[in-house]
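Quick note on labels: first sequence line is chain A, next is B, and so on, each numbered from 1. Given the structure is predicted, the values throughout are model-derived calculations rather than measurements. Atom set for the values below is all heavy atoms of this structure, side chains included, hydrogens, waters and symmetry mates excluded.
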Amino acid sequence: MDIQGMDDAFERVAKKQKTTYAKTNEVIEKLLENIKQAEQLAGSSPATGEILGGLQAKVNELGPQGQIAGAQKELAGALSKYGKLLDKSFTTDVSRACRNIFKSCQEEDLRQDLLNEVIAQHLFREGHFELGESFLQEADITIPDNMRQPFLEMYQILEQIRQHNLEPALEWARAHGPALRARHRSDFEFRLHQLHFVHLLHAQGRAPALLYARAHFGPFASTHMADIQRLMGCMLWVGKLPASPYADLLAESHWDAIAAEFRRECCCELGQSLESPLKVTISAGAQALPTLLKWATLLAENKLDLNVGKHLPVEIEMGRELQFHSIFACPVSREQSTAENPPMLLPCGHVLCKISIQKLAKGNSRAFKCPYCPQEATVGQCKQVHL
Amino acid sequence: MDVANASPDGSMVDAPPSIIPAAKKPPNLSAALQVEQQLMRLPFEGFKKQVRVNNRVVEKEMNAVVAGVAEASSKSLSQDEAVRQLRGLVSRLQGLKRKLDEGNALEQSQAQRCRARIEHLSLNLGDKDSQRRWETARVDRILVDYMLRNSYYDTAVKYAEATRIQELVDVDVFRDAKRVIDALRRGDCSEALAWCAENRKALKKSKSKLEFQLRLQEFIELVRGEKMVEAIKYARKYLAPWGQSHMKELQQAMATLAFKKDTDCPSYRVLFDCGQWDRLIDEFKRENYKLNCMTPDSLLSIHLRAGLSALKTPFCYEEGCSKEDPLSQASFRALAEGLPFSKQTHSKLVCSITHDVMDADNPPLVLPNGCLYSRRAMEAMAEKHHGEITCPKTGFKCDFSDLSKAYIS
């Protein structure tokens, strides 16, 4: 099933809708005309019986009900076809399949208070401040101020960056300078100064730019000398910067980049993730659902009972952006490593779980062959790996 | 080389776009779209309902007019009477024409909603930018759906407006439901009963008990108010017809006549419990979702449960869990409580320095102390510090040449 097919099927419905309307309208018009005519005749002639009989004959000839029913039937046919297409293309009962999978571990639906909390946080951190306040009020909940205020500031600064005003961002960087340096992120600070310098030079000319450079580039001499030299080179091209070898410094993309970087640094300072955790979880859910649903249908078709224990029954392929942890699954036992059963590096470079190695060595210190290459190893030669 | 593509000076110019497109398979609905049943079905059901309502109006009026003509011609009417009769028919037909136009406008707007959703689906199959738009809109849609289900109407409407997804969410369906729910909250069944009457056929088909439960509640309210005679009359009229299928509940309810509202007997006290109204609201919501082809659980709950279990690993609960992992947060951990862990039968390595996934292009390297990092991270570190490697976890120092390869399959 493809979207084009769905689109076509729906356009057929839309066309039938139009023709049905047109047909119905036409029939009504005709009938109306006939009756109006009869009314006029009846007003001027006393032969009522004859006139009404004539009208009856005309109505019989027109057969308005049959004509309309025919058009309606065609529309109904197109509608039912499209409905069947929808049934075929989409999983009819996502909810039930989902419940079946999770019923053995979670009887109740997710807790509403927790859901409200994560939604409120999501709204504020995504910059929907008015909606956030409205939601807090309607859901009758509160969230700590530190989940609101800092984001409000962040979005104000981002808005200023969008308007090519770096002052608030620079001030923020000054206030958080020590923390940025502690995280080895002084590069961000320098990029801000660089962008501001170029902006000044382009907009206000040499003198203010030079003053700015003197005031702020000093601390970065040891780390960004090459950049600073290049920026000084710009001074020679004032007024014709776009045609200079330094034109790249004026690119609009620098503003987007600095906004993105500011966002990252700011979230980091706030101890928050860069992406909304709610959005991340929903993405993960959207990636996991097709597999889970397929599996649920398969079991239902075979009339097998679903009994999900501690682990999901299937492995779910997730996008890279959703992998946050290193996971080691032993290629021999297919089990996940644990603190008691850590991954071990063989001298040949292959990695197996400790228990698998002990089994291969049959518990003694004799050499065993690596399952993946001809090289031999002893338990003593294997070294624990920390992921 | 195709000579036609070479410019006079011999250099190649960009090949012009081929006139005949390569035979391309139409893009299939990706698996991710299969869960979007509600998105597509709901406006379509609305459309169908509108068509049904309009058809019925036309049919009824048309029959009446035709019958009117037949009646007039069968009787021998005086001139005045005939004119009056015909004039009546004319105005009736004119009324029908007006209704037809109104109905047509409603049908068209419903059709537009259906069309907007098909268009929206195609975003998912587009380029990276449209994919991103699709994902953002998905979060918004899911949240609006959740708010509507939980009666946060104002925020839901504002949200849909602010994110311009009005055509992708179904505020109207919930607005109708709100009327019924508000009435039930006030302890008034009339709206709900009217709703049941409106949808009698569909409710009967799905063997819904809602109407019976509503009637039962009205009966209980009469008993609560000590209006015993009225209660008995009510029961005769509205409860008796359900006798065949719900005898047990009916008998239990009738017994409340003897027990009155302050009874201690647990099986009757529960009938007087005010929580019954909340249960009625829940039951109504369930029936309403079913009738409109909506999922009984909110889309948010469905996505979160699947997503949380897919993300859940024992490592999420370790110290130093990445902030980017939703399960590093207390509220998400609480939501994930009781949900199964993800199943992992294949190793996936994420470099703890660069957070890149390690694979054949960026293979893992092991330090002599057993710590494992991606080659890209190690090379970058070696380049910066003249070949010296410092383990960020332990502070252990060694040379780049001391690193060994690890093969993890």
Side-chain angles (χ1 to χ4, degrees), chain A residues 1-4 7 14 21 28 32 35 39 42-43 46 48 52-53 56 59 72 86 90-91 94-95 98 105-106 110 114 117-118 131 134-135 138 273 277 279-282 284-286 288-290 308 311-312 315-316 320 323-329 331 334 336 349-351 384-386, chain B residues 26 29 31-32 34-35 37 40 55 62 69 72-73 79 82-83 86 89-90 93 97 104 111 118 122 139 152 155 159 295-297 301-303 305-307 309-311 313 315 322-326 331 334-335 338 340-341 343-345 347-350 357 370-372 405-409:
Chain A
M1 176 51 219
D2 57 298
I3 295 217
Q4 194 54 49
D7 202 22
Y21 165 71
I28 294 176
L32 199 57
I35 298 181
E39 185 203 335
T48 28
L52 289 173
Q56 175 68 47
V59 170
Q72 288 182 348
L86 288 185
F90 298 95
T91 311
V94 181
S95 207
C98 191
C105 31
Q106 215 180 20
L110 296 173
L114 289 170
E117 185 187 326
V118 299
L131 288 176
S134 157
F135 182 74
E138 259 190 310
S273 56
K279 193 174 172 186
V280 171
T281 313
I282 289 176
L289 274 173
V308 176
H311 289 94
L312 283 178
E315 186 169 16
I316 288 157
R320 284 176 168 224
Q323 283 176 24
F324 304 107
H325 303 281
S326 281
I327 282 155
F328 179 78
R334 288 277 159 223
Q336 255 183 77
H350 289 106
V351 183
Q384 186 173 341
V385 174
H386 306 281
Chain B
L29 272 191
Q34 284 168 19
V35 301
Q37 200 243 4
M40 303 305 291
N55 283 356
M62 207 34 118
V69 170
S73 67
Q79 191 175 0
V83 170
L86 287 173
L89 290 177
V90 166
L93 268 182
K97 218 170 111 61
N104 181 49
I118 297 176
S122 63
V139 175
Y152 310 144
T155 315
Y159 195 163
T295 53
D297 296 321
S301 156
I302 293 170
H303 279 83
R305 277 196 277 185
S309 347
L311 288 173
T313 68
F315 306 107
S322 161
K323 279 264 180 313
E324 298 300 322
D325 184 345
S331 42
L335 281 171
F341 285 94
K343 178 170 174 162
Q344 313 278 355
T345 52
S347 299
K348 289 171 199 123
L349 298 181
V350 180
V357 173
C371 285
L372 186 143
K405 276 187 188 170
Y407 302 98
I408 292 177
S409 44

For [X], which atoms come within 4.5 Å of any heavy atom of chain B: side chain, backbone, both, or neither?
| X | answer |
| --- | --- |
| V59(A) | side chain |
| V351(A) | both |
| S134(A) | both |
| E315(A) | both |

Mind listing the closest non-hydrogen atom pair of [X] and [Y] along with its distance?
| X | Y | answer |
| --- | --- | --- |
| A288(A) | A306(B) | CB-O, 4.0 Å |
| A72(B) | L52(A) | O-CD1, 3.4 Å |
| H325(A) | T313(B) | CD2-OG1, 3.8 Å |
| V350(B) | F324(A) | CG2-C, 4.4 Å |
| A334(B) | L114(A) | CB-CD1, 3.7 Å |
| A329(A) | S347(B) | N-OG, 2.9 Å |

Any chance you could measure [X], atom [atom1], to [Y], atom [atom2], to the nearest 0.5 Å?
| X | Y | atom1 | atom2 | result |
| --- | --- | --- | --- | --- |
| L86(B) | I35(A) | CG | CD1 | 7.0 Å |
| E117(A) | L335(B) | CD | CG | 8.5 Å |
| Q323(A) | D325(B) | CD | CG | 11.5 Å |
| I282(A) | I302(B) | CD1 | CD1 | 12.0 Å |
| S301(B) | L110(A) | OG | CG | 4.5 Å |
| M62(B) | I28(A) | CE | CD1 | 4.5 Å |

Top residue by heavy-atom pair count (under 4.5 Å) with chain A, among [options]?
| options | answer |
| --- | --- |
| Q344(B), K405(B), M40(B) | Q344(B) |
| N104(B), V139(B), V83(B), V90(B) | N104(B) |
| S322(B), A82(B), S309(B) | S309(B) |
| T295(B), I408(B), L349(B), N55(B) | N55(B) |

Self-check item: Contacting moiety of K348(B), where chain A heavy atoms sit under 4.5 Å
Solution: both
Practice problem: Examine the side chains of Q37(B) and T91(A) and answer whether a donor and an acceptor come within less than 3.5 Å of each other. | Solution: no
Mind checking whether [X] and [Y] have side chains closer than 4.5 Å, heavy atoms only?
| X | Y | answer |
| --- | --- | --- |
| K343(B) | I316(A) | no |
| V280(A) | E324(B) | no |
| F315(B) | Q336(A) | yes |
| L372(B) | H386(A) | no |

Exercise. May I ask you to decide if the ring planes of F135(A) and Y152(B) are parallel, tilted or perpendicular, using 30° and 60° as cut-offs?
Key: perpendicular
Using modelled atom types and a 3.5 Å cut-off, is there a donor and acceptor pairing between side-chain atoms of [X] and backbone atoms of [Y]?
| X | Y | result |
| --- | --- | --- |
| T281(A) | G307(B) | no |
| Q79(B) | A42(A) | yes |
| E138(A) | T155(B) | yes |

